Amino acid sequence: KLGHAMEDHTPLLGEEHGKKRSEKPRRTALGVLVIGGLTASLVIGATVWSGAPHQKALSSVLNSISDGPPPSGDPPAASEDGDVWAQLQSRDVGTTTTRPLALLHQQDASQGSTEQAATEKVEVESESTLEAEMEQALAADESNADPPQIQLSFSDHYTAITGPVYDNYLFMDGIQGGIVAAHLETTIQVVSDALCSSGLDCSYSYMVDGGAVDPEENDHTKVVFTFTDLRAYTVEVTSSSGASVSMQVMCRYVRRELRSLSDADRKAYFDAVRVVYSTLTPQGVQIYGDGYKDAGYFINYHTWMAGERGCDHLHDGMGFLTGHNAITLEFEGVLQSVNVAVITPYWDYTIDMHQVKEADDNMAVFYESPVFQEDWFGPMGDEKNSYVVTSGAATTYLSVDPNFWDVPETERKVENGFGLLRSPWNVANIPFLLRSNKTYGFYSGYDSGPKCAEFYSAMKYDDLYVFTDFAQANCHG
């Protein structure tokens with residue numbers, strides 16, 4: 001479940017909540033998202049998502065909510081566009097516009113409300129026409145611009161296979177080169193050179209933010225560079241043919257599906273998680289800096305936010321998306337204090353649910369997912385071990401005892417009847433992470449789970465309230 005990996009408390013895997021949150025049907029028993037596949041296109045701080053099939057649609061929904069027309073009279077930043085804007089704003093639009101809208105309220109009352117309403121309508125129609133003509137002029141202006149003499153591509157060992165990272169975000173305005181992943185080796189490649197004839201062996205020089213970067217020894221058409229700061233970089237390439245290009249790229253952390261990570265990146269992730277699960281905050285701060293927090297902090301925080309009797313702050317409300325993203329981002333920040341190159345991957349469980357569908361909806365197939373491998377998050381607990389998770393890359397005997405984590409008494413907001421960091425309705429008295437996929441021998445009362453159809457349906461909503469309500473009930477897991 002999104003952000004629920006340590007039982008019902010922390011940002012990784014774990015047991016189900018077991019709480020009936022509302023009267024309408026919900027699917028909450030799977031409870032095993034690494035971090036939510038649903039939110040796979042959201043911009044989270046300095047992080048973007050990669051690889052989920054629904055990311056473009058979700059970004060379109062969210063951008064349509066936050067985006068809007070430019071304020072009247074405020075020209076775009078580019079001077080050429082500003083000239084077009086100025087021409088359109090100052091042009092004579094003829095008799096379709098009578099008077100500025102502000103003057104309508106100063107007209108003599110004898111003219112009557114009918115004339116005022118008609119004038120306002122004409123004014124709005126005129127403004128719409130003006131805006132459409134302005135957009136056409138800007139598009140024509142852009143189409144007439146000369147293409148760059150040198151075409152570049154930017155790729156890492158992921159995008160070389162999958163293609164570029166989705167980049168239709170508001171913060172990408174004016175960034176021509178797309179998104180490059182932080183702390184991954186990026187190959188900057190000359191794709192074409194308009195002035196370099198086919199028989200000419202051209203050489204190239206490269207600069208990133210004004211600093212020279214040496215090209216590959218045996219291939220001057222490419223250079224390898226690692227972007228680290230989360231900001232825009234300017235890349236300049238000059239050819240011996242006389243051609244040149246200057247463009248910007250945006251550096252961001254890119255979250256990927258857990259299975260798509262390289263062996264080295266997945267190991268780095270689990271290694272960082274293991275540190276957080278085993279190193280108390282005071283010792284961690286000395287080693288990794290003030291931003292470090294141990295697992296006990298997240299277990300306690302999530303229990304409070306989701307397990308308080310009077311209010312579930314993370315579910316059944318508009319805080320669902322932002323709350324889950326916030327705790328995931330904070331957890332990722334702690335991991336990056338341990339290893340700056342680590343990202344928190346997401347689990348696209350629709351892949352596993354497709355396998356369930358192919359197996360005639362046999363939910364047993366779901367628990368054969370690689371996510372439950374011994375060297376990943378470990379399998380379900382079994383009865384002989386009281387369902388304690390006894391294996392996994394980082395989850396072995398993970399404590400939920402506030403005394404183990406030295407959680408101050410004043411910060412223990414929610415505990416169960418045994419004083420453990422569990423929801424009050426979780427009456428287990430064993431102080432370790434438990435995981436079970438059955439209740440009285442049955443697969444938690446579920447014979448299915450959220451598939452692609454649920455996500456497809458979610459993308460059809462254009463109302464944020466309805467979208468959020470559907471997302472947390474049907475797609476949450």
Side-chain angles (χ1 to χ4, degrees), residues 45-51 147-167 169 171-172 174-196 198 200-272 332 335-345:
T47 308
V48 296
W49 302 73
S50 171
Q149 296 173 324
I150 296 177
Q151 299 286 342
L152 301 178
S153 68
F154 300 83
S155 64
D156 53 51
H157 62 273
Y158 292 107
T159 58
I161 299 172
T162 63
V165 174
Y166 178 79
D167 64 357
Y169 300 107
F171 66 82
M172 290 296 293
I175 306 295
Q176 312 96 322
I179 291 174
V180 292
H183 300 281
L184 279 183
E185 287 189 345
T186 298
T187 298
I188 305 171
Q189 176 88 47
V190 174
V191 177
S192 64
D193 182 343
L195 302 185
C196 185
S198 58
L200 188 62
D201 184 18
C202 296
S203 60
Y204 300 89
S205 60
Y206 302 81
M207 299 187 73
V208 177
D209 278 357
V213 183
D214 295 330
E216 295 286 286
E217 184 174 348
N218 298 321
D219 187 354
H220 277 246
T221 65
K222 62 183 179 181
V223 65
V224 176
F225 185 83
T226 300
F227 299 89
T228 56
D229 297 339
L230 305 179
R231 59 177 177 82
Y233 286 78
T234 300
V235 177
E236 300 171 277
V237 179
T238 303
S239 170
S240 58
S241 69
S244 64
V245 66
S246 176
M247 67 172 56
Q248 287 190 312
V249 294
M250 183 66 73
C251 179
R252 287 288 187 265
Y253 282 106
V254 180
R255 292 176 177 164
R256 304 180 187 278
E257 212 278 335
L258 182 63
R259 281 165 283 211
S260 74
L261 294 181
S262 67
D263 291 343
D265 287 344
R266 189 164 46 246
K267 182 179 183 303
Y269 166 69
F270 280 120
D271 286 348
E332 183 177 62
L335 295 183
Q336 289 165 355
S337 71
V338 177
N339 182 344
V340 70
V342 165
I343 53 92
T344 302

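Values in this document were obtained by computation on a predicted structure and should not be read as measured data.
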Interatomic spacing from [atom1] in [X] to [atom2] in [Y] - rounded to 0.5 Å:
| X | Y | atom1 | atom2 | result |
| --- | --- | --- | --- | --- |
| Y269 | N339 | OH | CG | 13.0 Å |
| M172 | Y166 | CE | OH | 11.0 Å |
| K267 | S262 | NZ | OG | 11.5 Å |
| S240 | L200 | OG | CG | 6.0 Å |
| S246 | Q176 | OG | CD | 7.5 Å |
| H183 | T228 | NE2 | OG1 | 5.5 Å |

Quiz item: By salt bridge (Lys or Arg N to Asp or Glu O under 4.0 Å), which residues pair with D193, not counting sequence neighbours?
Solution: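 Expected list: none.
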Practice problem: Check salt bridge (Lys or Arg N to Asp or Glu O under 4.0 Å) between D167 and all other residues, then give those that pass, not counting sequence neighbours. | Solution: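 In terms of salt bridge (Lys or Arg N to Asp or Glu O under 4.0 Å), with neighbours along the sequence ignored, D167 is linked to no residue.
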Quiz prompt | Among V213, V223, V245, side-chain contact (heavy atoms from CB on, under 4.5 Å) partner for V237 | solution =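 For V237, the side-chain contact (heavy atoms from CB on, under 4.5 Å) check succeeds only for V245.
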Quiz item: Picking from V249, D209, V208, what satisfies side-chain contact (heavy atoms from CB on, under 4.5 Å) with T234?
Solution: D209
For the residue pair [X] and [Y], establish whether any side-chain heavy-atom pair is separated by less than 4.5 Å.
| X | Y | value |
| --- | --- | --- |
| I150 | S239 | yes |
| Q149 | S244 | yes |
| Y253 | V342 | no |
| F154 | P164 | no |
| D265 | Y158 | yes |
| T186 | T159 | no |

Contacts of [X] that satisfy side chain to side chain contact (heavy atoms under 4.5 Å, CB included) - sequence neighbours left out:
| X | result |
| --- | --- |
| A232 | I175, Q248, M250 |
| A181 | D156, L184, V254, R256 |
| S192 | Q151 |
| T221 | Q189, V190, Y204, D219 |

Practice problem: Please name all residues satisfying side-chain hydrogen bond (donor to acceptor under 3.5 Å, both in side chains) with D263, sequence neighbours left out, ordered by chain then number. | Solution: R266
Exercise. Looking only at non-hydrogen atoms, find the nearest pair between A243 and L195 and report the distance.
Key: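 So the minimum-distance heavy-atom pair works out to N-CD1, 3.7 Å.
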Quiz item: What are the two closest heavy atoms between L230 and A182, and how far apart are they?
Solution: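 Closest heavy-atom pair between L230 and A182: CD2-CB, 3.9 Å.
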Quiz item: Does Y169 have R252 sitting over its ring (NZ/CZ under 6.0 Å from centre, angle to axis within 45°)?
Solution: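 Judged by the rule, R252 and Y169 form no cation-pi pair.
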Practice problem: With sequence neighbours left out, write down each residue that passes ring-ring contact (aromatic ring centres under 6.0 Å, His included) with Y233, or none if nothing qualifies. | Solution: F227
Quiz item: Can you check whether K222's main-chain N or O pairs, donor with acceptor, with E216's side chain at less than 3.5 Å?
Solution: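 No; zero donor-acceptor contacts below 3.5 Å.
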Self-check item: Check against side-chain contact (heavy atoms from CB on, under 4.5 Å), L261 and I343
Solution: CA-CA 10 Å; L261 294 181; I343 53 92; 4.2 Å; yes
